[in-house]
Amino acid sequence: MDERMTCAAFGRCGGCRYGAEPYAAQLAAKEQELLKLFRTVLPEEFFACGKYEGILGSPSPLSYRNKMEYSFGNESKDGPLTLGLHKKGSFYDIIPVPDCRIAPADFGRICAAAQAYFREKGVPFLHKRSHQGSLRHLVLRQSGDGSILVNLVTASSFRPAADFTEMLLALPLDGRITGILHTENDSAADAVIPERVNLLWGENYLTETVLGLSFRILPFSFFQTNTRGAEVLYAKARDYIGSVDGCTVYDLYSGTGTIAQVLAPAAREVIGVEIVEEAVAAARENAALNGLSNCSFIAGDVLKVLDEIAEAPDVIVMDPPRDGVNPKALQKIMRRGAGHLLYISCKPSSLARDIPALSLGGYEAEKLVFVDMFPNSANCEAICLFGRREAGV
């Protein structure tokens, strides 16, 4: 397989950082940047004695994304309707990406067909300044079995005609469309906000398999965008935690409960906390789907919910949003006195920022590894295991 980026939009699209570099060179470059960051917060002995375990690559550096969010707009002022991604450094300009190498080929085919359809119909995109127009985004998700969920996002005044669905279902694809949705969004923000979701055809969910467990993914549920890469991430997290036999585990910022359910078969009890109610509902449904009776999920802010959980944790796993853990929540997490904390970060600089606070709170970094969940981009995940120091040490 050619592991180099050959997308025609490379350099103009803001999505990918690396172009001609082979994947091994990309990994080496990411690792060096991350090492510079973590050497500022961890002692050199940490790296010299084998506690740092390097960087793990994605099983595939190409066509790995299971979700893409495309925008309607134009490539230049008064130009024709375009469906694609934001031009690098631009808030307004949209460029087509029909041969994007990090997305499945079917996504490019669906985008090209939708762009042609709406151009022919003369449907305008929603202008960010005037807020006039209809079309906003097209969100595509795909599961490992090739099932595809199509979600058209527009102003509430627009209703897709029946032939939009017919056009999509007639497309020659490698996979198959199993659900078509229409999301109404009148928010002034340039974001996909589901004010109302209408099912146009098929199912409103996908089912994905991770490490032998099944997960039902709803349109707005968080799920790792690199499914096979997520297996690498979660397997390493499980390895770091080790035996949880008889243990109570907190899974904070639990999303749809993926980590909780990966750990549940070996644990006494796993308690997940997540602020997004839809994700909590999906986590509960997924736990039932996988026959896991020792998982419970609480909807709420970690900062507040920690005061309400009676069971003391043996292990705490936290996989926070990009900005990391709220400082007040981090203090509460440490006060729960778990023997180990496992911090998974999609923004390693947030993890690095929190390491000094964890050290002051009595937790010492024991293991660190980077996992490249986002090949060809500048992003990477980090996993760090912290152990609680004995009193007086």
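Relative to the six-membered ring of F297, R284 misses at least one condition, a distance below 6.0 Å or an angle of at most 45° to the axis.
With sequence neighbours excluded, no residue forms a side-chain hydrogen bond (donor to acceptor under 3.5 Å, both in side chains) with Q224. Applying the salt bridge (Lys or Arg N to Asp or Glu O under 4.0 Å) rule to R39 yields the partners E44; only residues at least two apart in sequence or on another chain are considered. Residues that satisfy the salt bridge (Lys or Arg N to Asp or Glu O under 4.0 Å) test with E364, not counting sequence neighbours, are K51.
Among pairs with a residue in residues 174-186, those fulfilling salt bridge (charged side-chain N to carboxylate O under 4.0 Å, His left out) read R109-D174, D145-R176, R159-E184, E184-R196, at least two apart in sequence or across chains.
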Show every donor-acceptor pair shorter than 3.5 Å between a side-chain atom in residues 79-87 and any protein atom, with sequence neighbours excluded, or say none if there are none.
{"from": "T82", "atom 1": "OG1", "to": "P80", "atom 2": "O", "distance (Å)": "3.2"}
{"from": "H86", "atom 1": "ND1", "to": "F91", "atom 2": "O", "distance (Å)": "3.4"}

Pairs under 3.5 angstrom only: tabulate donor-acceptor contacts from the side chains of residues 313-322 to other protein residues two or more places apart or in another chain.
{"from": "D314", "atom 1": "OD2", "to": "T248", "atom 2": "N", "distance (Å)": "2.7"}
{"from": "R322", "atom 1": "NH1", "to": "C346", "atom 2": "O", "distance (Å)": "3.4"}

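Taking the six-membered ring for Trp and thresholds of 30 and 60 degrees, F370 and F38 have ring planes inclined between 30 and 60 degrees apart.
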TODO: Could you give me the CA-CA distance, side-chain angles and deciding distance for K30 and E33, then say whether salt bridge (Lys or Arg N to Asp or Glu O under 4.0 Å) is met?
DONE: CA-CA 5 Å; K30 285 189 179 184; E33 288 189 11; over 6 Å; no
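Looking only at atom types and distance, the side chain of Y92 has no donor-acceptor partner in the side chain of E75 under 3.5 Å away.
Sparse packing is recorded around CG of D245, with 12 or fewer heavy atoms of other residues, nucleotides or ligands lying under 6.0 Å away.
Put simply, V153 and F164 are part of two different groups of oily side chains (I, L, V, M, F, W, Y) that touch within less than 4.5 Å, one to the next.
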